[in-house]
Each structure stands twice: as structure tokens, then as C-alpha cells.
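Here the structure comes first, spelled out in C-alpha cells, and everything after it is commentary.
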Protein chains: 2
Amino acid sequence: MATAFAVLAEPHRRRILDLLLERPRAVGELVEELGLTQPGTSKHLKVLREAGLVRMRPDAQRRVYELRMEPLAEVHEWLEPYRRMWARRLDALERHLDAMPDLDD
Amino acid sequence: MATAFAVLAEPHRRRILDLLLERPRAVGELVEELGLTQPGTSKHLKVLREAGLVRMRPDAQRRVYELRMEPLAEVHEWLEPYRRMWARRLDALERHLDAMPDLDD
DNA sequence: GGTGTTTATTCCATTGTAGATATATGTCCT
DNA sequence: AGGACATATATCTACAATGGAATAAACACC
């Protein structure tokens, strides 16, 4: 199973996830929104499916796709130490400013 | 400038960022850690540089690379609505459990 | 059973990417 | 200036990914 990072590298696939975040949608809807051909859209959906980022539910001749967020945890967790570092820097800046003499009077 | 998502799709590049999160490093150090050839490492660094994810400071004949986290904000922000959705689901689950009769006695 | 509708699969062409080797550039030291 | 060292760039190759067109498969409806 491909890593979530590789899957998210493709803009159309991020767009698909954004659309599915609002609500589940059939392939046809996604085709319209993306401006891709139907086969192209289906192919991206296959990649997303194999990465566990979407789930498919048949509805007669249609296939309704819905979001599965679990694999996004990988990205969230990778980002974690960077967020921490970012916060630490903000703290340091704040302490720095607090320790500085007032220059504006 | 390439999107941060595309840059992060490559595992070696994520590894480089993780190493630079600890401290700035010269190319040689990164080559050792990655187990890649020097040119290969330099090429990844170029991609990272062009995406604004690292910064280069010459030090004699060495080039010391350090992390720049700003472009990671794009990823963080894209993830935001998913985090919100995730939190909402946890809330719903919690409310659901609270409303359930105790089964364990 | 045939037809229209919806989606998946296959095939092809194009392009992009990662890696390796060889080479160039620039810096230090003597 | 010359040699050693560190890094970047160029070139080549192999492979993967994207997108389109054509085709196949599944289902609904008459």
C-alpha cells in the first residue's frame, strides 16, 4: 500500500478528498467537479482506494465513494515534531520580546 | 516552485528534513545518513531548496543546510478541515457513549 | 433480451523522476 | 601554482505516473 504522502502529491487526488470531505459522492459527480475524463477519475479513485483513503459503496450501477481519514494520521504524525519546533520558536520569540527593554517610549 | 506535497512524496527527502530538524548539517553528513550517493543527495537538496524547505549557508568548501519550516504550513493548513472533522467524530462518539445505558454492571 | 447508463479496465503516448557515473566548480592548504 | 577535499551539475538509463481513447463489465428499465 502506497504511503499517504505519495498519494497526496497529486492535486486532483487532494481535490477528490476535499470534495468527499463535504459528502460522499458518485463517480459522475467527481468527474464533473474535476474536469477530468471518467477513466482518469476512476484511476485516481483506485489509487485512493488502495491507499485506504476512500471507501466504495455500490449503489445500483453507481459507485459512491466516501472519505476514510485514517491514513491521514501518517501525515499528521510526521508533521508533529515540526509543529512542536514551530511552537518552541514562537515561545522563544515571545520570551525574547518580553525580556527586551521597551523601545517605544 | 513545486508544492510541498510533491516534495514530501519522496521518502529520502522526508528523511533529510527529519535530520535537519535535529540540527543543520553539511551535505557529507546527509550522504552518510541516507546511504545515497553524493550527487543523488545533492539533487534532493536542490528540490528542497527550490521548494523553500531548506536554506543553504556556505561554510568554506562545505555547504551547510538548515530547515525552513514555512512551506510546511501548506500541508498543515490543508490538513486542518480533516482534523476538524476527526474531532467532530470523536465528539459524536463520546456523546453517543454518554447517552448509552451502562452495560458493564 | 436489448438498450441506455455508469463505472472499471486496458492500451498507448508522453512526460517526469530517481539513481548512477562522470565531470566541473570552488575552497583550503602548502 | 598544485593537490586534496566538498559539492554541484550534466548525462544517461530505467521506470513510474499521468492522461486520453477505446473497450469491457455491471446494472436498470422497458
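Residue numbers start from 1 in every chain, and the chains themselves are labelled A, B, ... in the order their sequence lines are given, proteins ahead of strands.
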> For nucleotides 18-29 of chain D, read 5' to 3', which letter fits each nucleotide if B means a protein heavy atom sits under 4.0 Å from the base, S means only the sugar-phosphate is that close, and - means neither?
Replying inline: SBBBB----SS-
> Would B:R84 and B:E80 count as a salt bridge (Lys or Arg N to Asp or Glu O under 4.0 Å) if you check the C-alpha gap in whole Å, the side-chain angles of each, and the deciding distance to 0.1 Å?
Replying inline: CA-CA 6 Å; B:R84 250 202 290 278; B:E80 179 82 0; 3.5 Å; yes
> Hey, mind stepping through B:R68 and B:L53 against side-chain contact (heavy atoms from CB on, under 4.5 Å) and telling me if it holds?
Replying inline: CA-CA 5 Å; B:R68 281 194 63 237; B:L53 279 161; 5.8 Å; no
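For the pair A:R57 CZ and C:dA8 P, the interatomic distance rounds to 14 Å; values are reported in whole Å. Between the CG atom of B:L30 and the C1' atom of D:dA6 there is a distance of 13 Å, rounded to whole Å. As a whole-Å value, the separation of B:M56 CE from C:dG26 P is 12 Å. One atom, CG of A:L34, and another, C1' of C:dT7, lie 15 Å apart when rounded to the nearest Å. Look at NZ on A:K46: it is 12 Å from P on D:dA17, rounded to the nearest Å. Distance CZ (B:R62) to P (D:dA8): 13 Å, rounded to an integer number of Å. Rounded to an integer number of Å, the gap from A:F5 CZ to C:dT17 P is 18 Å. Summarising the geometry, the separation between CG on B:L48 and C1' on D:dA8 is reported as 15 Å, rounded to the nearest angstrom.
Partners of A:A9 by side-chain contact (heavy atoms from CB on, under 4.5 Å), not counting sequence neighbours, listed by chain and number: B:A9.
Side-chain contact annotation: A:Y65 with A:R49, donor-acceptor N/O pair under 3.5 Å present.
A:L8 pairs with exactly one of A:L48, A:T3, A:V75 by the side chain to side chain contact (heavy atoms under 4.5 Å, CB included) rule, that one being A:V75.
Ring pair A:H44/A:H12 is tilted by interplanar angle, where 30° to 60° counts as tilted.
Between D:dA8 and B:Y65, a contact under 4.0 Å exists linking OP1 or OP2 to a side-chain N or O.
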